[in-house]
Amino acid sequence: MPGCDSTSGASPVIGVLALQGGVAEHLAALDRSGAVAKPIRRPEELDDVHGVVLPGGESTTMSRLLHSFELFDPLRERLAAGLPAYGSCAGMVLLAGEVLDPGADSGKDPAVTPFGALDVAVRRNAFGRQVDSFEAELAFTGVDGPVHAVFIRAPWVERVGRAVDVLAEITPHGSGVAGAAGRIVAVQQGRVLATSFHPELVRGDERVHRHFVQTVRAG
Ligand code: GLN
């Protein structure tokens with residue numbers, strides 16, 4: 001399959017799931033990070049990608065759309081076969097093995113059906129419904145210097161399996177949200193990466209996307 005070709009030396013093709021949410025920001029950040037980025041709306045568009053990004057948005061809505069666009073099973077199969085993936089915020093929820101508080105928020109969307117690509121339990125809207133968004137500086141393993149992290153109705157990771165590396169946590173006074181200190185907000189398991197926050201919204205800092213592109217290249 002073309003997606004299994006070696007990518008060393010060339011720019012990897014990275015698809016961004018483009019059913020809902022912050023698609024354009026990820027496409028732009030990937031383009032600036034040395035990848036060839038393309039939106040994914042149809043199953044056959046997955047055929048030539050070396051990696052995939054699941055953007056932020058609303059995980060219940062994306063879950064419903066994945067099924068109605070007949071993308072859920074093809075993407076789950078590619079992920080199970082080792083396709084590198086990066087999920088931000090709602091994308092983290094979709095990659096998880098277990099979703100705590102899985103929905104349905106709107107009444108019309110069913111609960112999230114996650115892909116199980118990461119051995120983690122993720123709690124949706126974990127920082128409390130009263131806090132729609134906040135920003136924090138984080139140490140991020142594999143990235144030099146602090147990362148400015150934007151959280152929008154974000155999840156956190158509540159349990160990690162043994163194969164999962166924790167890349168970032170909320171610092172003791174990092175969020176102002178009670179109970180948030182020490183919460184896990186970035187993880188990686190092999191070539192699957194997830195962040196509770198949105199690096200794609202911080203213009204001029206592509207370090208997290210570059211970390212993912214490097215992970216895809218290393219395959
Ligand atoms: N609260 C949303 C969800 O659980 C995620 C929000 C986001 O992606 N910014 O799907």
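In this chain, numbering begins with 1 at the start of the sequence shown. Counting convention: from 1, in listed order, for ligands and their atoms alike.
- Tested against Ile14 for a side chain to side chain contact (heavy atoms under 4.5 Å, CB included), the candidates Val49, Ile40, Val216 yield a single pass: Val216.
- Inclusion of Cys89 in the set of residues having an N or O under 3.5 Å from an N or O of ligand 1 is not warranted.
- Against a heavy-atom cut-off of under 4.0 Å, Ser59 is close to the following atoms of ligand 1: 3 (C), 4 (O), 10 (O).
- In this structure, Pro155 does not count as a contact residue of ligand 1, since none of its heavy atoms falls inside 4.0 Å of the ligand.
- Sparse packing is recorded around CD of Glu70, with 12 or fewer heavy atoms of other residues, nucleotides or ligands lying under 6.0 Å away.
- Listed by number with element, the atoms of ligand 1 under 4.0 angstrom from any heavy atom of Gly56 are 8 (O).
- Hydrophobic clustering of Ile, Leu, Val, Met, Phe, Trp and Tyr side chains at less than 4.5 Å, counting indirect connections, keeps Val185 apart from Leu100.
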Where do Ser88 and Thr195 land on the side chain to side chain donor-acceptor pair (under 3.5 Å) test, with the steps shown first? CA-CA 5 Å; Ser88 65; Thr195 62; 5.1 Å; no
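- For the pair Arg183 and Trp156, the cation-pi test (distance below 6.0 Å, angle within 45°) is passed.
- The shortest N/O to N/O separation between Arg153 and ligand 1 falls below 3.5 Å.
- Taking only nitrogen or oxygen atoms, main chain and side chain alike, Thr60 does not reach within less than 3.5 Å of ligand 1.
- Contacts of His198 with ligand 1, taken as heavy-atom pairs under 4.0 Å, involve the side chain alone.
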(request) For His211 and Gln188, run side chain to side chain donor-acceptor pair (under 3.5 Å): C-alpha distance rounded to whole Å, both residues' side-chain angles, the deciding distance at 0.1 Å, then the answer. (result) CA-CA 11 Å; His211 172 79; Gln188 183 158 354; 2.8 Å; yes
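- For ligand 1, the atoms lying closer than 4.0 Å to a non-hydrogen atom of Gly57 are 2 (C), 5 (C), 6 (C), 7 (C), 8 (O), 10 (O).
- Side-chain contact between Glu98 and Arg159 is present, with at least one heavy-atom pair separated by less than 4.5 Å.
- Proximity of Glu58 to ligand 1, defined as any heavy-atom pair under 4.0 Å, is shared by backbone and side chain alike.
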